[in-house]
Novice: 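After the structure tokens below, expect a handful of questions from me.
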Amino acid sequence: MEGLNPSQERAVKHFGKPLLIIAGAGSGKTKTLAHKVEFLIREKGIAPERLLAITFTNKAGKEIRDRVKRVAGVDLPWAGTFHSVALRLLRAKGKQVGISTNFSILSEGDRNQIIKKLSQSINTKPETLKNYLSERFENLREPYDEKLEYALQEYLKALKSMNLLDFSTLMLYTRELLLKNQSIRENFDFVLVDEFQDTNTVQYEILKLLARENVCVVGDPNQCIYEWRYARPDNILRFKEDFNPDVIKLEYNYRSRPYIIHIANAVLSASNAEWKSLIPTLRPVKEGGQKPTVRRFEREEEEAVWIATKVKELLQSYKPHQIAILVRVGYITEPFERALAGMRILYKIVGAIRFFERAEIKDVLSFFRVLTNPYDAVSFSRALEVATRGIGEKTLEHILQAGRGNCLAGSQAILKSLPQAKAVELYGFLQKLSRLYKRLEDYPQAIEDFLREIDFWDYLRESYKDAEEREENVKELLRYLRQKHSEGYRLVDVLEEVDFLTEREEEEGAVKISTIHASKGLEFDVVFLPRLEEGILPHEKAKESQEEMEEELRLFYVAITRAKELLFMTYTRNSKPSRFLSLIPKELLDLSAFAKKKTTYMPELKSLKDFKVGDRVLHEIFGEGVILAIEDSKALVEFKAGRKSIHTAFLKPVV
DNA sequence: AAAACAGCCGTTTTT
DNA sequence: CGGCTGTTTT
Ligand SMILES: Nc1ncnc2c1ncn2[C@@H]1O[C@H](COP(=O)(O)OP(=O)(O)OP(=O)(O)O)[C@@H](O)[C@H]1O
């Protein structure tokens, strides 16, 4: 088995019992999983169509499919996210749980609209209802509030009447289906789950209903960064109890240079997570490398220009797509865009406002959606707004009533009872829609003509200030449709892809600007981490709870461990430097920029925990000890091995 | 009843 | 800056 170390090889060849692979970043988890898929197919005779491989993103799913195709020459139809797998199951067997199988997916934005309306009707904040839905659907909590439960039931009814499913009801009904029809599990001979730390409760229950002995899950709880979305990193602990798996740990990091790994370990040592003892500390395989740099700037423009200059310089030795600027929040990217553009450096933003969530894109797609699912009132409303004048909320209500939810039938039905002007307008629109419908075979051309018929381009110019950019986006969408069409995609396939796809294909020749979240599982030669400031990382909103602060720390860990060769960490004086920076021992950093300016490394910051003189503490290497004195953030500790002065971040309280 | 407009808010992370 | 709300105009 070439290219694998002994532990990885053991994991690949393991068979006959549940397996848990638990390991830190860059230890080859994904690689091992990919090899395991091939091993199962080639050596164990598992039929590819009976192998379920669950990934965190659809992109990762596609990578596995492509790889299996390349290496083993077979298709792997069941590789994808929980959601895409759920979609396929419900399309095939949704009837068994009362779902009509031509349902469409409710987008995030439209979902929020519905939630907002419902929350108004029960006098709560949308946020409260949204959390309630998550508690009930993702976390499988029992009903615990009468009013909210009422709204939830209304929500379910609304979706049902529109023949729509959102991301959480997709999980909900899938679980229901699997509970009802246990034989579905017989369709799969092996189940694998990557990024297991970011699965939530309902997904775990789904896994339990799909898998028995032939199951392998792979994860790193320290890389759980979706707890805010009800991911449960402790599913790993539950898996250990429920499945009694063999456990294989991987400790060698093949990705990063040693300094980077030591920094990542130092950051992690401040975590108080319950699973800490389970995960081996990362050990570098690579050698050499440069110390990661920390720099401070007055303003974000200055920081951006410095980074852009550095990028320019590094482009001599690194490929553009091997350089990434990773940010905590999307809205701080403008200075970097400006600075990079100013230096004629091509860049690509990922994880920003997603292409298919843009208003103008949804405008165009709404016409298709109405035609494939005439009960989709959300899309119909949007379509009316774009293509007609004088037909609004009230008329739509009448339409829905007349058609008992079917927008197209309802429209036909009320034509007679409408004032003439409105009737003419609506009739004209229905005519155009019907012409579009008849030409759906060639949907790219049909929609292009349709858009012209409804004067869509004028509509764009009138409705939006930044019309040019939006025109560009629509043209991009048309190009995308033409490409899909030429690849043999039917319209329904395209709409399905769009529901889950967040990004258009990425360009090879561009530097990446991405959120840290969206960079999960990726790696880059060069990583810049700007704006490492209090309020940004850790984010202001996370400071209220210990759990969220832990997640912020993990986010920093994930960010650091994306880097293979070079890592640059910077902050501006808009705020105090991130407390997480002070977790890193100075010896691991290149701080030369500070030496010149005679500034101290960083202001003293409180560590995540408070210690007093006399506290018993634990250190990873020196063991247990007692604090003799505390100075700033360092503590003088008496260990068996002697007295040491240690940053409190590396100490854990002994209880 | 629908559209246009003006002034307000507050900015996480996304399958 | 963008999205929402309440108000005014058609
Ligand atoms: N045995 C090995 N020999 C050489 N290179 C390896 C080996 N195992 C993994 N690698 C390389 O190490 C890098 C990290 O691997 P991979 O992405 O699979 O790690 P991971 O554990 O999934 O990381 P993360 O948790 O950050 O997603 C990849 O470039 C991979 O090719």
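Below, read A as the first sequence line, B as the second, and so on, with proteins coming before strands; counting in each chain starts at 1. Model, not experiment: these values are computed from the prediction.
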Novice: With P as the reference atom in both, quote the distance from C/dC4 to B/dT13 in angstrom, rounded to an integer.
Specialist: 16 Å
Novice: Let me have a per-nucleotide readout for nucleotides 5-10 of chain C, 5' to 3', with B, S or -, counting only protein heavy atoms under 4.0 Å.
Specialist: S-----
Novice: In whole angstrom, give the distance that lies between atom CG of A/Leu418 and atom P of B/dA2.
Specialist: 10 Å
Novice: Between A/Arg229 (CZ) and B/dT13 (P), how many Å, whole number?
Specialist: 13 Å
Novice: Expected output check: what is the dot-bracket annotation of DNA chain B, where ( ) and [ ] are pairs inside the strand (brackets for crossing ones), | is paired with another strand, and pairs are Watson-Crick or G-U under 3.5 Å?
Specialist: ||||||||||.....
Novice: For A/Glu195, report the nucleic acid contact type (base, sugar-phosphate, nothing); a contact means any heavy atom under 4.0 Å.
Specialist: nothing
Novice: On DNA chain B, nearest-nucleotide positions of A/Leu555 versus A/Leu396: which is more 5'?
Specialist: A/Leu396
Novice: Considering residues at least two apart in sequence or located in another chain, which fulfil the salt bridge (charged side-chain N to carboxylate O under 4.0 Å, His left out) criterion with A/Glu548?
Specialist: none
Novice: Please classify the nucleic acid contact of A/Thr395 as base, sugar-phosphate, or nothing, using heavy-atom distances under 4.0 Å.
Specialist: sugar-phosphate
Novice: What is the distance, to the nearest angstrom, from the CZ atom on A/Arg389 to the P atom on B/dA2?
Specialist: 13 Å
Novice: For A/Asp166 and A/Arg111, run salt bridge (Lys or Arg N to Asp or Glu O under 4.0 Å): C-alpha distance rounded to whole Å, both residues' side-chain angles, the deciding distance at 0.1 Å, then the answer.
Specialist: CA-CA 7 Å; A/Asp166 67 3; A/Arg111 176 177 199 254; 2.6 Å; yes
Novice: So, A/Tyr427 versus A/Gln431: side-chain donor-acceptor pair below 3.5 Å or not?
Specialist: yes
Novice: When the distance from CG of A/Asn112 to P of C/dG2 is rounded to whole Å, what number comes out?
Specialist: 18 Å
Novice: Have A/Gln223 and A/Tyr557 got a donor and an acceptor in their side chains that come within less than 3.5 Å?
Specialist: no
Novice: Base, sugar-phosphate or nothing for A/Phe82? Non-hydrogen atoms, less than 4.0 Å.
Specialist: nothing
Novice: For A/Thr55 and A/Asp194, does a side-chain donor sit closer than 3.5 Å to a side-chain acceptor?
Specialist: no
Novice: Does A/Glu550 reach the main-chain N or O of A/Asn272 with its side chain, forming a donor-acceptor pair under 3.5 Å?
Specialist: yes
Novice: Considering only heavy atoms from C-beta outward, does the side chain of A/Tyr230 approach that of A/Asn131 to under 4.5 Å?
Specialist: yes
Novice: For the pair made of CZ in A/Phe56 and C1' in B/dT13, what is the distance, rounded to whole Å?
Specialist: 10 Å
Novice: Just how far, in rounded Å, is P of B/dT13 from CD of A/Glu540?
Specialist: 15 Å
Novice: Flag the pair A/Phe56 / A/Tyr226 as yes when their ring centroid distance falls below 6.0 Å, and as no otherwise.
Specialist: yes
Novice: May I ask you to evaluate whether A/Arg554 reaches the phosphate of B/dT13, defined as a side-chain N or O under 4.0 Å from OP1 or OP2?
Specialist: no
Novice: In whole angstrom, what separates A/Glu357's CD from C/dG2's P?
Specialist: 16 Å
Novice: Tell me whether A/Arg531 forms a cation-pi arrangement with A/Phe297, defined as NZ or CZ under 6.0 Å from the six-membered ring centre and within 45 degrees of its axis.
Specialist: no
Novice: Would you please name every residue forming a ring-ring contact (aromatic ring centres under 6.0 Å, His included) with A/Tyr204, sequence neighbours left out?
Specialist: none
Novice: Enumerate the residue pairs fulfilling salt bridge (Lys or Arg N to Asp or Glu O under 4.0 Å) with a member in residues 119-130 of chain A, sequence neighbours excluded, ordered by first and then second residue.
Specialist: none
Novice: Can you tabulate the close N/O pairs, meaning under 3.5 Å, that link protein atoms to atoms of nucleotides 5-12 of chain B?
Specialist:
residue, atom, partner, partner atom, Å
B/dT11, O5', A/Lys541, NZ, 3.0
B/dT12, OP2, A/Lys541, NZ, 3.4
B/dT12, O4', A/His539, NE2, 3.4
B/dT12, O2, A/Arg328, NH1, 2.9
B/dT12, O2, A/Arg328, NH2, 2.2

Novice: Under 6.0 Å between ring centres: does that hold for A/Phe456 and A/Phe367?
Specialist: no
Novice: Would you kindly give the CG-to-P distance between A/Leu426 and B/dA1, to the nearest whole Å?
Specialist: 17 Å
Novice: Counting the atoms with a prime plus P, OP1 and OP2 as sugar-phosphate, which does A/Glu108 contact under 4.0 Å by heavy atoms, base, sugar-phosphate, or nothing?
Specialist: base
